[in-house]
Each structure stands twice: as structure tokens, then as C-alpha cells.
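Have a look at the structure below, then the notes.
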Amino acid sequence: MKTHSSATVSTPTPLHSPRVGLLWGLLGVAAFSFTVPLTRIAVDGGHMSPLFVGAGRAVIAAVLAAAVLMLTRQPFPRGGQGAQVAVVAAGAVIGFPLLTSYALTTAPASHGAVVIALLPAATAVIAVLRTRERPRAGFWIAAVCGAAAAVAFAAVQGEGLGGLHRADWLLFAAVLACAMGYAEGGVLSRSLGSWQTISWALVLASPLMAVLTACALVQQPPVVSGAQWGAFAYLAVVSMYLGFFAWYRGLAIGPMAQVSQVQLTQPIMSLGWAALLLREYLSGVTVLGGAAVIACALLAVRVRSRPRD
């Protein structure tokens, strides 16, 4: 008589395999890669204020998020999840859009893309601090070198450290804010859900962003072209909302350290879009600066992903 063992071996399902996580992450990064050049288009010429671009896109995304949450009858975040949603809102919904919108009123999109290339390493550092990991010394060395490369690039283009412009400091602050939102969102997505995380963050930030949008409309009503409205619409619907569906889902499926490496392709794509859409000339300094920052970020993420001996 044949017997069948009741023991089963737990294996990743096809929909939750590491490869699927990487594909979701890549889709999110591809969506985000348009953010810098399209923000530059939206604020170009001063016809659409950076406050309106940064806050208004969050308001539109929040309306979509609220509708989706209500239609699907999602429960409210519970316990400590509320504080985590607040961190995501502060970094990804409020900080990054507003800071980059102001920075890109004067900085070229290619310049912004190189500085923001520091984001993967910054996200890895915040994730390490958030999860209390103890990575190798090489991780910290690579992260510091990446930050130094980004500062050096901005300084060279600004004719020395004293030539760092207001836009550079805004971009560095945007990287820090976004890294906090990404790292916390990746952790929260595992318990709350990927699209639920960004949806609740948008809803939480919506009162403040609505007030800022109203102030922007009163101070400087937008008088813009169809291309600028198109750029703004993409920033609101895709960069601010739908892109996070894929990005946070990829981080939630994980492994987070490996999926975060996909983010290294974002500055490369952004530089390409800046050259194609804005006709920006990519100088040797821009290419070398971007390569240096990306290389350091890649090393930091890979060192972190290796288990300690």
C-alpha cells in the first residue's frame, strides 16, 4: 500500500519570486525616470510655479488614492502603521516633490539627475539605520564616496565648493527626504500593502498640499502650454501615484536589497530623457559625475546585500 507524505516544502510562488520583485521594481523605476525632466518642463519659464507643481500633483494623486481606497474598502492603518505612513508622506509626498520642483527652476534636468543618482545609496543607508543592520565597513565607505562624488560634481559645475547653488542644496535635501520615504515605504508595504502604502500617505498629506496648492494659485495662476500641462498630468498620475504601485510592490516582494539595485538605472534613463526631451547637452563632466555616483551607489547596495561572515 502506497503512502503519501503530508510534509510539504515551502517554495516561492511564481508571483512572489525574486525575479518578479525585480521586474516590478524596474517598472516603477522606469515610471520615475521621467520625473526630473518632466518637472523641468513643467516649471520652465516660470509660467507654472514650483509650489503649484510640487503640491498640486500630490492633490490630484490624493483624489485618485482616496477613490481607490473607498472603492476597495481598505481598512485604516493600525497602531504603528500610522506613524510609518506619516514618514512616507513627509518624504515621498511632501519633501521630494516640493524640493525638486524648486531646484529644477534653475538647475538643468541632467544636473538634477546626477545629484539624485545618490538616492539608491541614501536609501540603503536609511534602510540600514531603520532595520538596525550591521553591514560591512565597505558599505559605509561606498556610501560616503557616493556622497562625496555627488558633492564634487555639483561643486565642479558651480566652480568650487563655494559655488554650490541653492538648487544643489535643495536636491541634496530632496534625496534625503525621498530616501526616508522609500525605506519606510518598503518596510510598511510588507504589512499594509504596496499601493495601500502610497495611497494612505497621499491622503494623509492632502490637507497640507491642498492649502499649498490654493496659495500657489492665488499667488501665481498658471499660464502654460499644452506640453507643460501634459508634463504636470504625468507627474500627478504616474510619478506621484501609479509608479509607487510597482515600486513598493517590488520592494515588498524583495529581497529589498536586491530590488533596490534596480534604482541605479533611474539616473541613466533620466539623463537620456533630458537629452531627448529637453535637448540638453551631456558634457563629459556630467557623464563622469553620473558614472561615479552610480558606481558608488552600486557598490554600497551590493555590499549591503551580502551576508556577513
Side-chain angles (χ1 to χ4, degrees), residues 10-35 57-58 60-78 80-82 84-93 96-97 116 119-120 122-124 126-127 130-131 177-205 234-267 269-270 301 304-305:
S10 177
T11 57
T13 64
L15 294 178
H16 294 83
S17 67
R19 180 177 297 179
V20 172
L22 289 171
L23 290 175
W24 277 110
L26 182 60
L27 179 60
V29 165
F32 294 147
S33 69
F34 287 94
T35 301
R57 72 199 209 190
I60 293 176
V63 172
L64 296 175
V68 172
L69 289 170
M70 286 189 295
L71 288 173
T72 57
R73 299 181 179 180
Q74 294 298 311
F76 286 95
R78 294 174 292 182
Q81 290 179 334
Q84 291 179 280
V85 169
V87 172
V88 176
V93 177
F96 186 80
I116 293 174
L119 184 55
T123 302
I126 297 297
R130 170 67 176 78
T131 57
C178 195
M180 293 175 61
Y182 277 3
E184 196 64 41
V187 173
L188 180 58
S189 293
R190 293 176 174 176
S191 59
L192 187 61
S194 55
W195 64 267
Q196 292 91 335
T197 293
I198 188 60
S199 295
W200 284 116
L202 284 164
V203 169
L204 179 62
Y234 184 94
L235 293 171
V237 177
V238 181
S239 295
M240 201 76 251
Y241 193 42
L242 297 182
F244 282 96
F245 278 47
W247 177 240
Y248 281 151
R249 180 167 177 77
L251 290 176
I253 294 173
M256 190 182 298
Q258 280 78 8
V259 173
S260 64
Q261 294 184 45
V262 176
Q263 196 178 7
L264 295 163
T265 63
Q266 183 173 333
M269 288 188 280
S270 294
V301 173
R304 181 197 169 212
S305 66

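Please read all numbers here as calculations on a predicted model, not as lab measurements. We use all heavy atoms of the structure for the numbers below, so side chains are in, but hydrogens, waters and symmetry mates are not. When a residue number appears, it is its place in the shown sequence, counting from 1.
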message = Which heavy atom of Ala30 sits nearest to which heavy atom of Tyr234, and what is that distance?
response = O-OH, 4.5 Å
note = Ala62 and Leu202 have their tightest heavy-atom pair at CB-O, 3.6 Å
ask   = In this structure, which one of Tyr241, Trp24, Trp195, Tyr182 forms a ring pair (Phe, Tyr, Trp, His ring centres under 6.0 Å) with Trp247?
value = Tyr182
ask   = Between Ile198 and Met240, what is the shortest heavy-atom contact and its length?
value = CG1-O, 4.0 Å
ask   = What are the two closest non-hydrogen atoms of Ala201 and Ala89, and how far apart are they?
value = O-CB, 3.5 Å
key: Heavy-atom closest contact (Ala183 atom, Ile126 atom, distance)   = CB-CG2, 3.7 Å
Gap between atom CG of Leu119 and atom CD of Gln266 - 0.5 Å precision = 6.5 Å
query = Got a donor-acceptor contact below 3.5 angstrom from the Ser270 side chain to the Ser33 backbone?
reply = yes
message = So, taking the atom named CG in Leu69 and the one named CG in Leu64, what distance separates them when rounded to the nearest 0.5 Å?
response = 11.0 Å
remark   = Gln196 meets the side-chain hydrogen bond (donor to acceptor under 3.5 Å, both in side chains) criterion, sequence neighbours left out, with Gln74
ask   = What closest approach, in Å, do Met180 and Val87 show between heavy atoms, and which atom pair accounts for it?
value = O-CG1, 4.0 Å
inquiry  = Working to the nearest 0.5 angstrom, can you tell me the gap between Gln81 CD and Thr197 OG1?
reply    = 8.0 Å
ask   = Does the side chain of Ile116 come within less than 4.5 Å of Phe96's, by heavy atoms?
value = yes
request  = Look up atom CG in Leu23 and atom CZ in Arg249, then write down how far apart they are to the nearest 0.5 Å.
outcome  = 11.5 Å
query = Atom OG1 of Thr123 and atom CD of Glu184: how far apart are they, to the nearest 0.5 Å?
reply = 12.0 Å
remark   = Rounded to the nearest 0.5 angstrom, the CE-OG distance for Met70 and Ser199 is 11.5 Å
